[in-house]
Novice: 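Here's a structure for you.
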Amino acid sequence: VVREAVGIYGSKANVKKAVLAHPQFANYDHARVVREAVGIYGSKANVKKAILSFPPFAGYDHARVVREAVGIYGSEAGVKKAILSFPQFAGLDHARVVRQLSRVGGLVGVSRETVLRRLLRNPRLASYSYKRYLAALRAGRKLGLLERNRANAKLLAYALKNCTHSPYVPGTRLSIDYAKRKGINGEPPPLMTRLRRKMARIGKRRKTAAKRGK
């Protein structure tokens, strides 16, 4: 198994890691897997990289994956690019993802079309849970970012894009307001700390610009 897979992918260490992470990987006809995926995505190097970084990718029906995603996002080129840059994107329920994130967008005046564009531009955003985004919005609300003005809209967009930084109170899976309701007064969520720094930098730039304008 390993010898034949190494003949396709070239890296014994990565092949072994893929097999241990996803045992079904050992059962695939990898010559066929790569050939069929390349027929969909066009780049052998990127297909192999996607498979080794996310072994379940090898088991997908990529013609169906792309067809269904294009039905949601509308851009075949955008969908294929998103999948190759973040292979987990291929395994998501995109109808659910877009429905939920469109609801989040609606809370702050972001259209469904904008949500679709942002997901294709940064496909990792599609992997975060609906609850995580709501927690990010609550962190933004605490910092006064839900007012409808251009500067705050940019900061709120920054909050949503940076959900890799936890919007939860450390040691919990609770947003800051829910944690307080439960009597938990821990450290602020890492996302709030990052947002405060961003706000401070914006404030500093404004002051500098104002001084120059005098």
Side-chain angles (χ1 to χ4, degrees), residues 1-105 112-136 160-168 173:
V1 165
V2 172
R3 183 177 66 250
E4 291 179 1
V6 170
I8 301 295
Y9 300 107
S11 169
K12 182 180 287 189
N14 287 339
V15 164
K16 289 181 177 181
K17 184 178 179 181
V19 171
L20 291 177
H22 184 63
Q24 295 93 319
F25 191 81
N27 298 324
Y28 297 139
D29 176 348
H30 291 285
R32 179 186 58 77
V33 164
V34 171
R35 182 175 65 251
E36 292 181 357
V38 169
I40 300 296
Y41 301 107
S43 169
K44 184 179 286 189
N46 287 339
V47 163
K48 290 180 179 181
K49 182 179 178 181
I51 290 171
L52 290 180
S53 65
F54 182 58
F57 191 82
Y60 292 152
D61 176 348
H62 291 285
R64 179 184 59 77
V65 164
V66 170
R67 182 176 65 250
E68 292 181 358
V70 170
I72 301 293
Y73 297 99
S75 169
E76 184 171 330
V79 163
K80 290 179 178 180
K81 183 178 179 181
I83 290 172
L84 289 181
S85 64
F86 183 63
Q88 291 89 329
F89 192 79
L92 300 175
D93 178 347
H94 292 286
R96 178 184 57 78
V97 166
V98 171
R99 181 174 64 251
Q100 291 183 342
L101 295 192
S102 292
R103 288 175 187 166
V104 173
R112 184 177 186 275
E113 290 69 27
T114 299
V115 168
L116 293 173
R117 286 197 303 271
R118 288 182 179 174
L119 289 175
L120 287 184
R121 192 162 57 239
N122 186 359
R124 188 178 297 274
L125 296 177
S127 67
Y128 300 140
S129 72
Y130 179 58
K131 290 181 179 180
R132 190 179 184 96
Y133 280 105
L134 291 179
L160 294 176
K161 280 193 240 181
N162 283 271
C163 278
T164 48
H165 300 279
S166 175
Y168 303 117
R173 296 291 289 176

Novice: Do any side-chain atoms of residues 44-55 form donor-acceptor pairs under 3.5 angstrom with protein atoms, and if so which ones, sequence neighbours left out?
Specialist:
unit_1: Asn46; atom_1: ND2; unit_2: Ser43; atom_2: OG; d: 3.3
unit_1: Lys48; atom_1: NZ; unit_2: Ile8; atom_2: O; d: 2.8
unit_1: Ser53; atom_1: OG; unit_2: Lys49; atom_2: O; d: 3.1
unit_1: Ser53; atom_1: OG; unit_2: Ala50; atom_2: O; d: 3.1

Novice: Can you tell me how far apart CZ (Phe57) and NE2 (His22) are? Round to the nearest 0.5 Å.
Specialist: 12.5 Å
Novice: Is the count of non-hydrogen atoms from other residues, nucleotides or ligands lying under 6.0 Å from Gln24 atom CD greater than 12?
Specialist: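 Buried by this count: over 12 neighbours within 6.0 Å.
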Novice: Return the orientation label for the Tyr41 and His62 ring planes: parallel under 30°, perpendicular over 60°, tilted otherwise.
Specialist: perpendicular
Novice: Establish, from distance only, whether the side-chain atoms of Ser127 and Arg124 form a donor-acceptor pair under 3.5 Å.
Specialist: no
Novice: Identify the heavy atoms of Phe89 and His94 that sit nearest to each other, and give their distance.
Specialist: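 Closest pair (atom of Phe89, atom of His94, distance): O-NE2, 2.7 Å.
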Novice: Are the side chains of Leu101 and Tyr128 in contact, using a 4.5 Å heavy-atom criterion?
Specialist: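 Contact flag for Tyr128/Leu101 side chains = no.
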Novice: May I have all residue pairs that pass side chain to side chain donor-acceptor pair (under 3.5 Å) and include part of residues 77-92, sequence neighbours excluded?
Specialist: Glu76-Lys80
Novice: Can you classify the ring geometry of His30 versus Phe25 as parallel (below 30°), tilted (30 to 60°) or perpendicular (above 60°)?
Specialist: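 If you compare the ring of His30 with that of Phe25, the planes turn out tilted.
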Novice: Can you give me the closest heavy-atom contact between Tyr168 and Ala135, atom names plus distance?
Specialist: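 Looking at all heavy atoms of both residues, the shortest contact is CE2-CB, 3.7 Å.
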Novice: Starting at CG of Leu134, measure out to CD of Gln100 and round the result to the nearest 0.5 Å.
Specialist: 9.0 Å
Novice: Please round to the nearest 0.5 Å and tell me the distance separating atom CG of Leu125 and atom OH of Tyr133.
Specialist: 4.0 Å
Novice: If I compare all heavy atoms of Val65 with all of Ala90, which pair ends up nearest, and what's the gap?
Specialist: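 Heavy-atom minimum between the residues: CG1-O, 3.6 Å.
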Novice: Which pair of heavy atoms, one from Ser75 and one from Leu120, lies closest together, and at what distance?
Specialist: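 Result for this residue pair: CB-CD1, 4.2 Å.
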